[in-house]
Amino acid sequence: LVRSAVYGAATSSVRRRTHRVLAEVMTARGDADRRVWHLAAATAEPDAGVAAELDRVAERAVQRGGLEAASAAWERAAELTAERQSRAQRRYSAARHAWLAGQPTRARRLLEAAQTDAVEPGFRADIARMRARIEWNTGSAVLAHRMILEAAAEIAPTDPARAREMATFGVAVASFGNDSGVLINPVELVPDPAPADPPRPRCFGRLLLGLHRVVQEDWAGAAGALQDAFLVAESLGPADQDLLPNLGIAALQLSDDERALRYHNLLLSRAQNTGAVLMFRYSLIRLAFSQIATGQWAAAAASTEEAVKLGR
């Protein structure tokens, strides 16, 4: 209490001088991150050097699963950044890791701030995708469907690959009955990937078509396209954070319980390894569907109970 009272009574200039002195004397190897935080607290104006050091603090935090700490470091780095695009990118990184750490309100605030500074169209599309993802999970899934397809249509003429991934997200949302009625045909936004294209875009292309057929209740067409996606995914090796959830949704829609369990267990394992609380909860919820379908009642009960605790 005395320490807090002394700090609270100090003027801002005294605090900054004190933080700077502490930063100067913290030379031990184990004090690297604390030194940078004191340096950041001593800095009142934009400073590219301090911002870059905070970037490294954030990256080290991610490596040890400290997503909330990483988000805080990137947010402070953004506050010390004068150039608009770099400031937006740091706020986006802060928002993404806040979201994965289970802080949707803070993530939304950071994304809105990033959007005001973002200039590059592809980056603005990434911000829109993250905002739609938060809306799907914490707000209106129907609104999320509209948001993601409108953003996909905007980026499609200049970045078909990004638009394809966003459209796949859109049809995945719609496949659970959340079609917003927006007058955008997701499969017509971009051409199908060519057979010679890399596996990842080809996998997204088949997922897009297959999940769109699910929305249309064309189950024969959906099965063919989604089975193709599964085969392409096998050649990819470890799927990434954007592709893997869509593969899991596709398996759920086809009642392919073996694949759904495998994809969501893989998501769960990655979430545990990275400290991504949000993805851990998401994986548990999706995993429970397949556990119920295969009669794994005790496992399903445990998954849902843990997901509810995390949600609260």
Side-chain angles (χ1 to χ4, degrees), residues 65 67 99-104 132-142 144-145 168-179 203-204 206-208 210-215 217-312:
L67 303 186
W99 167 241
L100 291 174
Q103 299 177 331
R133 183 167 288 137
I134 294 172
E135 187 65 34
W136 182 23
N137 283 273
T138 65
S140 166
V142 173
H145 178 260
T168 302
F169 174 22
V171 292
V173 173
S175 73
F176 288 104
N178 300 302
D179 194 326
C203 189
F204 267 108
R206 302 313 291 170
L207 283 169
L208 172 58
L211 289 171
H212 183 62
R213 295 272 171 82
V214 169
V215 176
E217 298 186 358
D218 174 8
W219 293 101
L226 295 179
Q227 291 292 348
D228 288 345
F230 297 147
L231 289 174
V232 176
E234 296 298 328
S235 68
L236 271 172
D240 57 48
Q241 194 96 351
D242 286 317
L243 184 56
L244 195 52
N246 286 299
L247 288 166
I249 289 171
L252 282 175
Q253 294 292 2
L254 287 187
S255 297
D256 187 337
D257 299 317
E258 182 182 348
R259 277 198 173 95
L261 284 166
R262 179 155 54 89
Y263 289 138
H264 289 108
N265 271 313
L266 183 54
L267 265 177
L268 191 65
S269 176
R270 289 188 181 182
Q272 288 173 315
N273 291 337
T274 61
V277 177
L278 189 283
M279 291 308 297
F280 188 76
R281 190 199 63 159
Y282 172 93
S283 305
L284 287 170
I285 295 168
R286 295 284 185 249
L287 191 60
F289 291 147
S290 300
Q291 289 167 334
I292 291 169
T294 53
Q296 300 177 46
W297 300 103
S303 294
T304 52
E305 184 177 355
E306 191 164 4
V308 168
K309 286 180 181 177
L310 284 171
R312 287 174 177 161

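Between Phe230 and Arg206, the closest side-chain pair of non-hydrogen atoms is not below 4.5 Å. Leu236 has its side chain within reach of Leu243: a pair of non-hydrogen atoms, C-beta onward, lies under 4.5 Å apart. Residues Leu100 and Val277 form no side-chain contact, since every pair of their non-hydrogen atoms from C-beta on lies 4.5 Å or further apart. Contact annotation: the side chain of Asn265 never approaches that of Ser269 to less than 4.5 Å [non-hydrogen atoms, C-beta and beyond]. Taking the side chain as every heavy atom from C-beta outward, Arg133 and Asp242 approach each other to under 4.5 Å. Within the 4.5 Å cutoff, side-chain heavy atoms of Gln227 are placed close to those of Arg259.
In this structure Ser283 satisfies the side chain to side chain contact (heavy atoms under 4.5 Å, CB included) test together with Leu267, Leu268, sequence neighbours excluded. For the side chain to side chain contact (heavy atoms under 4.5 Å, CB included) test, residues two or more places apart in sequence or in another chain that qualify with Asn178 are Trp136, Ala141, Val142, Val173, Phe176.
In the displayed structure, Glu258 atom CD is contacted under 6.0 Å by at most 12 heavy atoms of other residues, nucleotides or ligands.
Distance check, rounded to the nearest 0.5 Å: CZ of Arg286 to OH of Tyr263 gives 16.0 Å. Here the CG atom belonging to Leu208 is positioned 4.5 Å from the OG1 atom belonging to Thr168, to the nearest 0.5 angstrom. In this structure, Arg262 CZ and Asp257 CG are separated by 13.0 Å, a value rounded to the nearest 0.5 Å. Between the NZ atom of Lys309 and the CD atom of Glu306 there is a distance of 7.5 Å, given to the nearest 0.5 Å.
Remark: side-chain polar atoms of Gln253 are paired, donor with acceptor, to backbone N or O of Ser175 under 3.5 angstrom.
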Check your understanding: Run the side chain to side chain contact (heavy atoms under 4.5 Å, CB included) check on Arg281 and Ile285 step by step: do they pass?
Key -> CA-CA 6 Å; Arg281 190 199 63 159; Ile285 295 168; 4.3 Å; yes
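Here the shortest heavy-atom pairing between Pro245 and Met279 reads CG-CE, 4.3 Å. Summarising the geometry of Gln291 relative to Ser303, their closest heavy-atom pair is OE1-OG, 2.9 Å, with the distance given to 0.1 Å. Listed here is the closest heavy atom pair of Ala288 and Thr304: CB-CG2, 3.6 Å. Contact record, Leu252 with Ser290: CD2-OG, 3.5 Å, taken as the closest heavy-atom pair. Closest non-hydrogen pair, Ala251 versus Ala260, comes out as CB-N, 3.6 Å. Scanning both residues, Leu67 and Ala276, for their nearest heavy atoms gives CD1-CA, 3.5 Å.
The one candidate from Leu211, Leu231, Leu247 that meets the side chain to side chain contact (heavy atoms under 4.5 Å, CB included) condition with Leu226 is Leu211.
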